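Predicted model, so just to flag it, every value in this text is computed and none were measured. Every chain is numbered from 1, with letters handed out A, B, ... down the list of sequences.
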2 protein chains.
Amino acid sequence: METRIDISNWDSHGYSCPVEATLDIIGGKWKSVILYHLTYQELRFNELKRLVPGVTQRMLTLQLRELEKDGIIHREVYKQVPPKVEYSLTDFGRTLTPIIQLMLKWGVENTDKIVQHREQAEAE
Amino acid sequence: METRIDISNWDSHGYSCPVEATLDIIGGKWKSVILYHLTYQELRFNELKRLVPGVTQRMLTLQLRELEKDGIIHREVYKQVPPKVEYSLTDFGRTLTPIIQLMLKWGVENTDKIVQHREQAEAE
DNA sequence: CTGCATCCAGTTCGATACTG
DNA sequence: CAGTATCGAACTGGATGCAG
């Protein structure tokens, strides 16, 4: 039995809908993939870079900064030479894990179908 | 007890991770909000436009076309004057509902916190 | 190793005008 | 009512070089 969530009293903070606010956090081009990898372990900058094929150094930096600013990830700098920086999920960031996991599951089960839909639409 | 999903044999179709594929479907600027509204009722073009504040006619059209192309929504055209077009979720589209609902719930509970984090980061 | 600064091309998007 | 067409502004993202 599902209960519809009431958002009539929701304070928008400039968003039209809570869903939009959530997407604003995880919707960056690489953010969801970054969060997925950080679910299981802390990672250094170059480790992330390897795990996220196609991302440039610049984009990885930008996306990590935004996640840090939103309180989703923690950035730990070790003062040594050469430098070492470890990224990890904050407790707050971990509250996003169920969403990421559901997206992961959906992607595993349905990516084939999406590709088919697209190819068919393309053909018409 | 959580079981980690194995994606080692996942066919990428050009995505680096299933999460990225899912985000490609719902990650458009207005898509998640559109899907949220369509969860509860079919909607005409102008009804959607009213429910999604800030969206332009052009963007709404583009986003709806992509969702249709991906098989997420159905577009029913009634041949009458003036024209009437109704948008609804397909059965496939409904498989996304749990994700949208989870995003909705997270947004309701955490938007305040996000705004705080941002203001604090801004101040430093 | 982990970034930042700069430049530049490509893409997206809003505003506006027009159509069946 | 439900779009399409066009144009320019704004933003995004890659390549490169430099730095602590």
Side-chain angles (χ1 to χ4, degrees), chain A residues 14-16 20 23-34 37-38 41-70 72-88 118 121-122 124, chain B residues 14-17 20 23-34 37-38 41-70 72-89 118 121-122 124:
Chain A
Y15 297 109
S16 72
E20 188 187 352
L23 191 67
D24 198 29
I25 303 299
I26 63 172
K29 181 159 187 190
W30 312 96
K31 286 182 186 176
S32 62
V33 183
I34 293 171
H37 288 296
L38 288 181
Q41 61 206 303
E42 301 193 345
L43 288 167
R44 299 179 59 173
F45 186 86
N46 270 3
E47 289 174 332
L48 270 172
K49 193 164 181 310
R50 269 192 299 277
L51 287 170
V52 184
V55 74
T56 59
Q57 202 170 43
R58 171 193 155 86
M59 284 312 298
L60 185 54
T61 302
L62 289 176
Q63 302 270 291
L64 288 170
R65 287 294 174 282
E66 287 184 21
L67 289 170
E68 189 190 359
K69 193 167 169 179
D70 290 339
I72 305 299
I73 64 173
H74 171 70
R75 179 169 178 263
E76 181 74 30
V77 183
Y78 296 88
K79 291 181 179 165
Q80 56 184 54
V81 180
K84 171 179 166 184
V85 180
E86 286 238 329
Y87 293 92
S88 58
R118 289 191 178 166
E122 215 63 55
E124 289 164 9
Chain B
Y15 297 109
S16 71
C17 166
E20 188 186 352
L23 192 66
D24 199 29
I25 305 298
I26 62 172
K29 179 157 188 192
W30 312 97
K31 287 182 185 176
S32 61
V33 183
I34 292 170
H37 288 296
L38 289 179
Q41 61 205 302
E42 300 194 345
L43 288 167
R44 301 178 60 171
F45 186 84
N46 271 0
E47 290 174 330
L48 269 172
K49 194 162 180 311
R50 269 191 298 278
L51 287 169
V52 186
V55 74
T56 61
Q57 200 168 46
R58 172 193 155 86
M59 283 312 297
L60 184 54
T61 302
L62 289 175
Q63 301 270 291
L64 287 169
R65 287 290 175 286
E66 286 184 21
L67 288 169
E68 188 189 0
K69 194 167 169 179
D70 291 338
I72 306 298
I73 64 173
H74 172 69
R75 178 170 178 265
E76 182 72 31
V77 182
Y78 296 88
K79 291 180 179 164
Q80 56 184 56
V81 180
K84 172 177 164 183
V85 180
E86 287 237 329
Y87 293 92
S88 58
L89 289 184
R118 287 190 180 168
E122 215 64 54
E124 290 164 6

Undergrad: Taking all heavy atoms of B:K49 and all of B:T56, pick out the closest pair and write down the distance.
TA: CE-C, 4.5 Å
Undergrad: Taking CD from B:E42 and P from D:dA2, how many angstroms apart are they, rounded to a whole number?
TA: 13 Å
Undergrad: Which of these nucleotides, D:dA2, D:dG14, C:dG3, is closest to any side-chain atom of A:M59?
TA: D:dG14
Undergrad: Given atom NZ of A:K49 and atom C1' of C:dG3, what is their separation to the nearest angstrom?
TA: 12 Å
Undergrad: When you get a sec, tell me which of C:dT2, D:dT4, D:dA2 is the closest nucleotide to the side chain of B:T61?
TA: D:dT4
Undergrad: Which nucleotide sits closest to the side chain of B:Q57: D:dG3, C:dG3, D:dG20?
TA: D:dG3
Undergrad: Taking atom C1' of D:dT12 as reference, at what distance in whole Å does atom CH2 of A:W30 sit?
TA: 12 Å
Undergrad: Between C1' on D:dG3 and CZ on B:R44, what's the gap in Å once rounded to a whole number?
TA: 13 Å
Undergrad: If you assign each of B:L62 and A:N46 to its closest nucleotide in DNA chain C, which residue comes earlier from the 5' end?
TA: A:N46
Undergrad: In whole Å, I'd like the distance from the NZ atom of B:K79 to the C1' atom of C:dG20.
TA: 14 Å
Undergrad: What's the OH-P distance between A:Y78 and C:dT2, to the nearest Å?
TA: 12 Å
Undergrad: Check whether any side-chain N or O of B:E86 sits under 3.5 Å from a backbone N or O of B:R44 as a donor-acceptor pair, and report yes or no.
TA: no
Undergrad: Whether the side chain of B:E68 engages the backbone of B:R65 through a donor-acceptor N/O pair (distance < 3.5 Å, no angle test) should be reported.
TA: no
Undergrad: Specify the closest pair of heavy atoms between B:V33 and A:S16, including all atoms of both residues, with the distance to one decimal.
TA: CG1-OG, 4.2 Å
Undergrad: Using OP1 and OP2 only, check whether a side-chain N or O of A:R58 sits under 4.0 Å from C:dT6.
TA: no
Undergrad: With a 4.0 Å limit, can you tell me whether B:R75 has a side-chain N or O closer than that to the phosphate oxygens OP1/OP2 of D:dA2?
TA: no
Undergrad: Could you give the CZ-to-C1' distance, from A:R50 to C:dT2, as a whole number of Å?
TA: 13 Å
Undergrad: So, is A:T56 near the phosphate of D:dG14, with a side-chain N or O under 4.0 Å from OP1 or OP2?
TA: yes
Undergrad: Please give, in whole Å, the distance from C:dC1 C1' to A:L43 CG?
TA: 15 Å
Undergrad: Within less than 4.0 Å of OP1 or OP2 of D:dG3, is there a side-chain N or O belonging to B:Y87?
TA: yes
Undergrad: Could you pull out the closest heavy-atom pair between B:V52 and B:H37, with the gap in Å?
TA: CG2-CD2, 4.3 Å
Undergrad: Reading DNA chain D from 5' onward, which residue's closest nucleotide shows up sooner: B:K84 or A:V55?
TA: B:K84
